[in-house]
S.K.: 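Dropping the structure in here first, questions after.
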Amino acid sequence: MNGESAGSNVVVGVDGAAPALRATAWAALTAMRWRRPLLLVAAMSPPTPYGTGIGLRPDHFVELEGEGRTWLDRARSVAERVGGPADIGTELVVGAASSALAERAEHASCVAIGGHERQHGGLGSVAADLMGRVPCPVAVVRWRGEADFPPANGAVVVGVDGSPASAEAVVVAYEEAALREAPLVAVHAAGERRGLLHHRGGGVWGEGDVAEALTLAERLAGMREWYPQVEVERVLAKEQPAAALARHGETAQLLVVGSTGHGEVSGRLLGSTSHALARSAPCPLLVVPGRTRTRTEENRSRRREKTGP
């Protein structure tokens, strides 16, 4: 995710609310860690379907632009205060936030949005529109407490299953753990009632448990060669994936999960976990699409240059 291709910003959506400012703090530190520019984007929806402004005060659009500029200035101050990159850009666009962020995600390293503390209903429309549809990871940022900085202690936690998207998430999680000098907790949770993509019950000799352990081992195989400095804890959980990952996220600094989108059975299953965590994860969540291969291969090449063949 932090290869050297030009124009690959860390993008964050800004709307003046506290969750967006937390997302800005996380994105600024992430951009610094990845050696990437930071792009702050504020989207101002037109007041009428055609943007004509019929019946509005003559200075309405001037006020609207002023409000957007205020949001961006406040977000820039947050990014600078937490020690973000020197290269911080701003954009004020007219249109829906999800469309503006999706367009910029085509060439971004990551798109970050703020997650409200409690989202018991449907996931925010921007997050729902981006997750599984854009070609870069999507971060839904929240953390507990009043600290201005995102959590810097604790492990990086990754959800592991047998899907290609999970394989991408594992690579990204290893990279994040290496960059943060943090341990990695790899969680494979099939749930008490395993679905079509998992082995059925444990059996007399625990065959199912052995199979689950093998799935986890296969997904982590070879990663030690690329990231020898990362300490890894393997966890086999009997809970449903979202519950197991949320529990481990209580003391984590980052949760990483995969998502293949909405077009396949596996995508719907992974999507249910990622969407559930986006509503309630207790720490920043990074949702990695299954088509992030080019970026993760760049990471592996860069890591090999640092650690040797």
Side-chain angles (χ1 to χ4, degrees), residues 1-44 67-93 97 100-116 126-127 130 134 136-154 156 172-173 175-182 252-256 281 283-288 292 295 298-299 302:
M1 287 186 303
N2 56 340
E4 299 302 327
S5 59
S8 188
N9 301 308
V10 174
V11 178
V12 58
V14 174
D15 64 3
L21 295 179
R22 287 195 165 193
T24 299
W26 183 91
L29 292 171
T30 298
M32 177 61 72
R33 192 177 292 119
W34 293 355
R35 302 193 299 276
R36 285 304 189 190
L38 178 66
L39 178 61
L40 311 174
V41 178
M44 314 297 293
E67 183 180 32
R69 297 295 179 191
T70 299
W71 295 351
L72 291 170
D73 290 343
R74 189 178 305 160
R76 177 187 283 274
S77 296
V78 168
E80 293 173 345
R81 187 170 68 250
V82 301
D87 189 351
I88 302 176
T90 62
E91 280 193 52
L92 179 62
V93 299
L101 293 174
E103 180 179 347
R104 284 146 187 82
E106 291 296 323
H107 303 287
S109 293
C110 175
V111 174
I113 56 177
H116 294 277
V126 176
L130 294 176
V134 298
C136 69
V138 175
V140 181
V141 180
R142 72 167 62 78
W143 63 84
R144 293 176 177 172
E146 302 299 325
D148 293 332
F149 286 70
N153 297 318
V156 173
V172 170
E175 178 72 7
E176 285 299 304
L179 290 173
R180 296 164 183 263
E181 299 182 349
Q253 58 177 295
L254 180 69
L255 269 174
V256 184
C283 69
L285 172 73
L286 195 60
V287 181
V288 181
T292 317
R295 289 190 178 92
E298 288 176 355
N299 290 341
R302 186 177 61 80

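Computation of the quantities below employed the complete heavy-atom set of this structure, encompassing side-chain atoms and omitting hydrogens, waters and symmetry-equivalent molecules. All residue numbers in this chain count up from 1 along the given sequence. Please read all numbers here as calculations on a predicted model, not as lab measurements.
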S.K.: Could you grab the distance from atom CG of Asn9 to atom CG of Leu38, nearest 0.5 Å is fine?
M.R.: 8.0 Å

S.K.: Working to the nearest 0.5 angstrom, can you tell me the gap between Leu72 CG and Ile88 CD1?
M.R.: 11.5 Å

S.K.: Do Arg33 side-chain atoms and Arg180 backbone N/O form a donor-acceptor pair below 3.5 Å?
M.R.: no

S.K.: Is there a side-chain contact between Gln253 and Pro150 (heavy atoms, below 4.5 Å)?
M.R.: no

S.K.: I would like to know whether Glu103 and Val41 meet side chain to side chain contact (heavy atoms under 4.5 Å, CB included); could you show each step before the answer?
M.R.: CA-CA 11 Å; Glu103 180 179 347; Val41 178; over 6 Å; no

S.K.: Would you say Trp34 and Cys110 make side-chain contact, with heavy atoms under 4.5 Å?
M.R.: yes

S.K.: Are the side chains of Arg104 and Val111 in contact, using a 4.5 Å heavy-atom criterion?
M.R.: no

S.K.: Is any side-chain heavy atom of Val78 closer than 4.5 Å to one of Arg81?
M.R.: yes

S.K.: Where do Ala108 and Val11 come nearest, in terms of heavy atoms and distance?
M.R.: CB-CG2, 3.8 Å

S.K.: Let me confirm one number: the SG-CG distance from Cys136 to Leu286, rounded to the nearest 0.5 Å.
M.R.: 9.5 Å

S.K.: Which heavy atom of Ala112 sits nearest to which heavy atom of Ala27, and what is that distance?
M.R.: CB-CB, 4.1 Å

S.K.: Find the distance between OG1 (Thr90) and CG (Asp73) and round it off to the nearest 0.5 Å.
M.R.: 7.5 Å

S.K.: Tell me the closest heavy-atom pair linking Pro85 and Ala31, and the distance in Å.
M.R.: CG-CB, 3.8 Å

S.K.: Tell me, with the steps shown, if Asp148 and Val82 meet side chain to side chain contact (heavy atoms under 4.5 Å, CB included).
M.R.: CA-CA 8 Å; Asp148 293 332; Val82 301; 5.8 Å; no

S.K.: Any donor-acceptor pair under 3.5 Å linking the side chain of Arg142 with the backbone of Pro19?
M.R.: no

S.K.: What pair of heavy atoms forms the shortest contact from Asp15 to Ala20, and how long is it?
M.R.: OD1-CB, 3.2 Å

S.K.: List the steps, then state whether side chain to side chain contact (heavy atoms under 4.5 Å, CB included) holds for Thr30 with Ser109.
M.R.: CA-CA 10 Å; Thr30 298; Ser109 293; over 6 Å; no

S.K.: If you round to the nearest 0.5 Å, how far is CG of Leu40 from CZ of Arg74?
M.R.: 13.0 Å

S.K.: Considering non-hydrogen atoms only, spot the tightest contact between Glu67 and Met44 and give its length.
M.R.: OE1-CE, 4.0 Å

S.K.: Quick check: do Leu254 and Trp26 have side-chain heavy atoms less than 4.5 Å from each other?
M.R.: yes

S.K.: Distance check, rounded to the nearest 0.5 Å: Ile113 atom CD1 versus Thr24 atom OG1?
M.R.: 12.0 Å

S.K.: Is Leu92 close to Trp71 at the side-chain level, that is, under 4.5 Å between some pair of heavy atoms?
M.R.: no

S.K.: On a heavy-atom basis, which atom in Ala173 and which in Val156 lie closest, and how many Å separate them?
M.R.: O-CG1, 3.9 Å

